[in-house]
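Protein chains get the first letters and strands the later ones, always in sequence-line order, with residue 1 at the start of each. None of the values given here were measured: they were computed from a predicted structure.
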2 protein chains.
Amino acid sequence: MLKYEKIALLIEESIVENNLNHGSRLPNFKELIETYHVSKSTIVKALDLLEKRGIIYQIQGSGVFVRRKKRKGYINFSENQGFTADLGEFDITSKVLELSEVIPPLEVREHLSLDDKESVYYVKRIRYINSQVLCIEESYYNKTIIPYLNVEIAEHSIFDYCKTALKLNISFSDKYIHVIKLNKDESDLLELKEGDPGLLIDELFYLSSGEAFDFSKTIYHYVNSQFFLQSTKIYS
Amino acid sequence: MLKYEKIALLIEESIVENNLNHGSRLPNFKELIETYHVSKSTIVKALDLLEKRGIIYQIQGSGVFVRRKKRKGYINFSENQGFTADLGEFDITSKVLELSEVIPPLEVREHLSLDDKESVYYVKRIRYINSQVLCIEESYYNKTIIPYLNVEIAEHSIFDYCKTALKLNISFSDKYIHVIKLNKDESDLLELKEGDPGLLIDELFYLSSGEAFDFSKTIYHYVNSQFFLQSTKIYS
DNA sequence: GAGTGGTCTAGACCACTGT
DNA sequence: CAGTGGTCTAGACCACTCT
């Protein structure tokens, strides 16, 4: 683990331990430098990381302050490591409806940059959050990158398998978000009625190499899912 | 404008000018340093900024590459500067339904950290995207921070007014996202039917001082709105 | 004006990629 | 192992806030 990541973690822990509220001020740079025995730039990087994660905000000339969210029980929308990363807050399980090798539709081929006749792994799952239906998910995996997949893996976490067994580095993703009316098939699976609302998310996942390896269409249950998104200033 | 922001802008412009595709490689550090006559750290900061904005991705030991989105016509979900920031891509207009001073409901008081009897500006608007109904928005503004507001301002951009006239620095926001069924009032305003889907977003906006100054409830038209969200790796 | 965070530099050294 | 990006340092200087 890098130095600035470690410092970030330690600072985050100190916030949790001391149970600091929104607006609480952290020690100044001089103190942080002395406490952690690192240079100023390392503190700067650590704090930038915490700011990116929405844990603090910095005010030039004033100080560094704790940022707190006001509501609990929301799925973090900017995470792209799958739900399993949401350590313990939610209990996510999956039921595999289908796992096969198929020639995907055009839309998927384009997103994954595949040839006409290249087949992919197709996985259709229902995912549950604390034993309630959360979403239905259809995923297409580039077989060049994911050469093997089975039901047992898909029942647990495919992303964990990619990371640990295949040593893949999932790095960034693009989400395309729509609200839709469910058709018969979809509503049956979600235990809802035809015409009920649903949140449709098309997501394209990239490895750190920049290659797209997974395209997923997910429809969320409109009652059992709610999302949280923190924005930080990007443009001045 | 800061040096690294300027460099970021120049690099972005060079990507646009040369019409570089996804995966195209940028010049290496040495060349960038020479081209822009700055130190390595400044290049690092500029590239970090572009990565945060989803314009490039960096691979250690390999290079810096262009990141391109695959679809157009989606509203950027991680922007928190209002739509007006989406320079030209969309034409956003507003119709003011109500503008008054009220004692807000409990939920709003909590979010804005207000006293029992503190009044706020309440604004209800319909917003249009390219002349189609985009959303209905109910906003509550802390009067201590926004001491004056009128219909003319609300018809244009309240955020622009905050930034330019009041010199406020809007810095970050929290979004809480739900999918709902519309009730009669909501569907009438959105020109839809009762029971149709809607995307409800509660958003709390903060100044760079860390003070919450605006709480908004927005319901988006499920056909006329679609959103885009780029994720970047936050946790290793 | 004192104190705080933010930028920028030059350079040493580390870590990863690709051949 | 050459080449590329990433980390880390020490220190000068800048910009903002608060009182």
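Here the rule is ring-ring contact (aromatic ring centres under 6.0 Å, His included) with B:H178, and of A:Y74, A:F228, A:F227 only A:Y74 fits it.
Summarising the geometry, the separation between NZ on B:K30 and C1' on C:dG11 is reported as 16 Å, rounded to the nearest angstrom. For A:Y57 and C:dG6, the OH to P distance is 13 Å, given to the nearest whole Å. We find that CD of B:E51 is positioned 13 Å from P of D:dG5, with the value rounded to whole Å. At whole-Å resolution of the value, OH in A:Y4 and C1' in D:dG6 are 8 Å apart. In this entry the distance linking CD of B:E5 with P of C:dC8 reads 8 Å, nearest Å. A:F29 has its CZ atom 17 Å from the P atom of D:dA15, to the nearest Å.
More than 12 non-hydrogen atoms from other residues, nucleotides or ligands lie less than 6.0 angstrom from CD of B:E51.
Between the side chains of B:N142 and B:T144, a donor-acceptor pair is found at a separation under 3.5 Å. Between the side chains of B:S173 and B:E203, at least one donor N or O sits under 3.5 Å from an acceptor N or O. A:E138 and A:Y122 are linked by a side-chain donor-acceptor pair at a separation below 3.5 angstrom, with hydrogens and angles left out of the test. For B:D91 and B:T93, the side-chain atoms include no donor-acceptor pair closer than 3.5 Å.
Sorted by residue number, the members of residues 15-25 of chain A with any non-hydrogen atom under 4.0 Å from DNA chain C read A:R25. For residues 31-50 of chain A, proximity to DNA chain C is found at A:K40, defined as any non-hydrogen atom under 4.0 angstrom from a strand atom.
Both A:G63 and A:S208 sit near DNA chain C, but only A:G63 has its closest nucleotide nearer the 5' end.
Between C:dT17 and B:Q60, no contact under 4.0 Å exists linking OP1 or OP2 to a side-chain N or O.
At a threshold of 4.0 Å, the pair B:E107-A:K70 does not count as salt-bridged, since none of the basic side-chain nitrogens sits closer than that to a carboxylate oxygen.
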List the steps, then state whether side chain to side chain donor-acceptor pair (under 3.5 Å) holds for B:S216 with B:S139.
CA-CA 4 Å; B:S216 294; B:S139 298; 2.8 Å; yes
